[in-house]
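Before any comments, here is the structure.
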Protein chains: 2
Amino acid sequence: MNAVNHCMSASPTGSSNGDLRRTILDTARHLLVQKGYQNLSMRKIAREIDYSATSIYLYFDNKDALLHALIHEGMMKLYADLDATAHQYSDAPVRRLEALCNAFIEFGLANPEYYEIMFQLRPERMKRYPAEKYRQARQNLEFFSAALTQGADAGVFEVEDPRVSTSTIWASLHGTVSLLLAERVDVRIERETFIDTAVRQTIRSYTPSGQPAPSG
Amino acid sequence: MNAVNHCMSASPTGSSNGDLRRTILDTARHLLVQKGYQNLSMRKIAREIDYSATSIYLYFDNKDALLHALIHEGMMKLYADLDATAHQYSDAPVRRLEALCNAFIEFGLANPEYYEIMFQLRPERMKRYPAEKYRQARQNLEFFSAALTQGADAGVFEVEDPRVSTSTIWASLHGTVSLLLAERVDVRIERETFIDTAVRQTIRSYTPSGQPAPSG
DNA sequence: ATGCAGTGATTAACGGCGTTCATCAACAAT
DNA sequence: ATTGTTGATGAACGCCGTTAATCACTGCAT
């Protein structure tokens with residue numbers, strides 16, 4: 001009818017040429033990061049790219065599927081961060097674990113909207129999340145697990161069950177990020193101090209002496 | 001018109017007599033606990049109590065205000081739990097802190113819907129939350145703070161800044177509860193084991209020897 | 001008794017949401 | 001020339017929170 005012809009856009013960028021799926025995803029990411037998860041709606045995405053809302057359903061089964069794609073992006077970004085950090089301290093498990101903890105927290109604080117959909121979404125919303133991606137997401141924990149076991153082998157860490165310890169470390173980090181993002185930490189506490197203490201105490205609970213080991 | 005006369009209900013219970021505000025709150029709590037926060041809507045509450053949705057606005061400014069009332073309830077319930085726990089170990093700081101940690105986690109697992117609105121709501125939703133209640137909510141942390149400082153005075157805890165330490169403990173506990181509620185803990189790990197380890201490691205990071213102190 | 005203000009409730013409506021359905025235009029293949 | 005496919009659309013359904021206008025009823029002052 002009076003719809004704009006989308007086949008050959010007059011825009012010279014060519015960004016919306018062919019694969020609309022990419023454009024939708026880019027816009028969704030942009031909207032998520034700019035306005036937060038609360039303001040991420042199918043209709044707003046559609047408005048932004050000047051398509052009808054129903055068009056999105058040609059490329060994504062539903063809103064959750066679109067969200068899963070964004071979560072996947074976030075997981076890959078986190079993976080890249082942790083991977084770079086791990087390589088930086090490849091031969092010092094303690095320092096590496098410390099750096100990994102800091103990297104995780106920094107990721108959360110730098111990408112709050114990503115963090116929310118990645119780790120703070122209620123289980124119901126995640127029910128449809130494909131198990132294959134679940135496994136990929138869990139790979140991020142492998143960095144911590146590896147540092148723990150290598151440290152244990154080197155005698156600088158005291159670890160009963162690496163799997164359990166990895167989870168408890170993750171719990172600490174997740175709690176730290178969550179409290180910071182929700183602005184629920186006592187305002188009289190400096191953010192840096194809080195983070196440093198949290199990381200130090202987390203690692204301290206795995207060093208036999210209770211004191212931080214010298215170098216690795 | 002065809003509306004039911006609400007002034008004199010035929011129901012002999014008298015529960016909906018007079019203060020509708022109470023009834024709304026009770027129904028909201030019931031709906032929250034039964035169906036979760038996702039399914040808590042003004043219209044559903046209204047349907048449940050056979051009133052129009054707009055009637056709720058005669059007693060609550062908006063949905064957030066209603067939510068704040070529920071949050072307050074949850075905070076008081078948590079306070080009661082922690083208070084009872086603290087009194088049980090009034091003369092043993094270490095044991096008390098351990099019991100407090102377990103009590104907090106148990107509260108979260110036993111009241112997941114309350115926990116969600118109390119601690120997992122995004123900042124935007126909490127913007128209107130009255131500061132006076134914020135302070136009351138923070139009182140729950142005092143139990144942990146007290147155990148820490150008393151333990152430090154007795155020489156069984158090594159605490160630099162009690163305020164910071166309290167926050168990091170809270171972070172650990174919050175992370176632990178969040179991961180469990182979101183079902184994101186490795187399924188091969190037993191829940192009990194995970195909780196015990198998390199609590200033990202949390203406390204361990206504040207004991208000078210790195211080992212749990214004997215009795216208090 | 002009549003009029004009036006206040007109270008507690010209602011319906012209608014607005015604009016938002018995710019999603020489904022029927023339809024339509026353009027194109028490719030027969 | 002007819003068919004089928006593909007990519008897009010508008011209308012509609014049933015939700016949602018919230019606002020505005022309205023109504024019935026009460027108690028009270030005149």
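Residue numbers start from 1 in every chain, and the chains themselves are labelled A, B, ... in the order their sequence lines are given, proteins ahead of strands.
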Checklist entry - Given atom CG of A:Asn39 and atom P of D:dG17, what is their separation to the nearest angstrom? => result 17 Å
Item to check | N/O donor-acceptor pair under 3.5 Å between B:Arg21 side chain and B:Tyr59 backbone | outcome: yes
Next on the checklist: Using the rule given for salt bridge (charged side-chain N to carboxylate O under 4.0 Å, His left out), can you reason through B:Glu48 versus B:Lys35, listing the C-alpha separation, both sets of side-chain angles and the distance that settles it, and then say yes or no?
Outcome noted: CA-CA 13 Å; B:Glu48 195 81 14; B:Lys35 315 276 183 179; over 6 Å; no
Checklist entry - A:Ile56 has an atom CD1; how far is it from atom C1' of D:dT9, in whole Å? => result 13 Å
Are any protein N/O atoms closer than 3.5 Å to N/O atoms in nucleotides 19-23 of chain C? If there are, list each pair with its distance.
from, atom 1, to, atom 2, distance (Å)
C:dT19, OP2, A:Tyr57, OH, 2.7
C:dT19, OP2, A:Lys63, N, 2.9
C:dT19, O5', A:Tyr57, OH, 3.3

Next on the checklist: What is the separation between atom NZ on A:Lys44 and atom C1' on C:dG16, rounded to the nearest whole Å?
Outcome noted: 8 Å
Item to check | Test side chain to side chain contact (heavy atoms under 4.5 Å, CB included) applied to A:Phe119 and A:Leu181, A:Leu78, A:Val177, the passing residue | outcome: A:Leu78
Checklist entry - Is the backbone of A:Tyr79 close enough, under 3.5 Å, to the side chain of A:Asp83 for a donor and an acceptor to pair up by distance? => result no
Could you go through nucleotides 5-8 of chain C and list every protein N or O atom that sits under 3.5 Å from one of its N or O atoms, giving the distance for each pair?
none

Checklist entry - Side-chain donor-acceptor pair under 3.5 Å between B:Ser55 and B:Ser52, yes or no? => result yes
Item to check | Atom-pair distance (CG on A:Leu67; P on C:dG18), nearest Å | outcome: 11 Å
Next on the checklist: D:dC16, OP1 or OP2 - any side-chain N/O from B:Arg47 closer than 4.0 Å?
Outcome noted: yes
Checklist entry - Atom CD1 of A:Ile49 and atom C1' of D:dG7: how far apart are they, to the nearest Å? => result 13 Å
Checklist entry - Going by distance alone, is a donor N or O of one side chain under 3.5 Å from an acceptor N or O of the other, for A:Gln120 and B:Arg122? => result yes
Next on the checklist: Could you check whether any side-chain N or O of B:Arg95 sits under 3.5 Å from a backbone N or O of B:Tyr89, counting only pairs where one atom can act as donor and the other as acceptor?
Outcome noted: no
Checklist entry - Any idea how B:Tyr129 and B:His68 line up, ring-wise: parallel (<30°), tilted (30 to 60°), or perpendicular (>60°)? => result perpendicular
Item to check | Atom-to-atom span, CD1 of B:Ile45 to P of D:dG17 - whole angstrom | outcome: 8 Å
Next on the checklist: Let me confirm one number: the CG-CZ distance from A:Leu100 to A:Phe144, rounded to the nearest 0.5 Å.
Outcome noted: 5.0 Å
Checklist entry - Hey, does B:Ser55 reach any base, or is it just sugar-phosphate, or nothing, if we go heavy atoms under 4.0 Å? => result base
Next on the checklist: Is B:Ser41 close enough to D:dC16 that one of its side-chain N or O atoms is under 4.0 Å from OP1 or OP2 there?
Outcome noted: yes
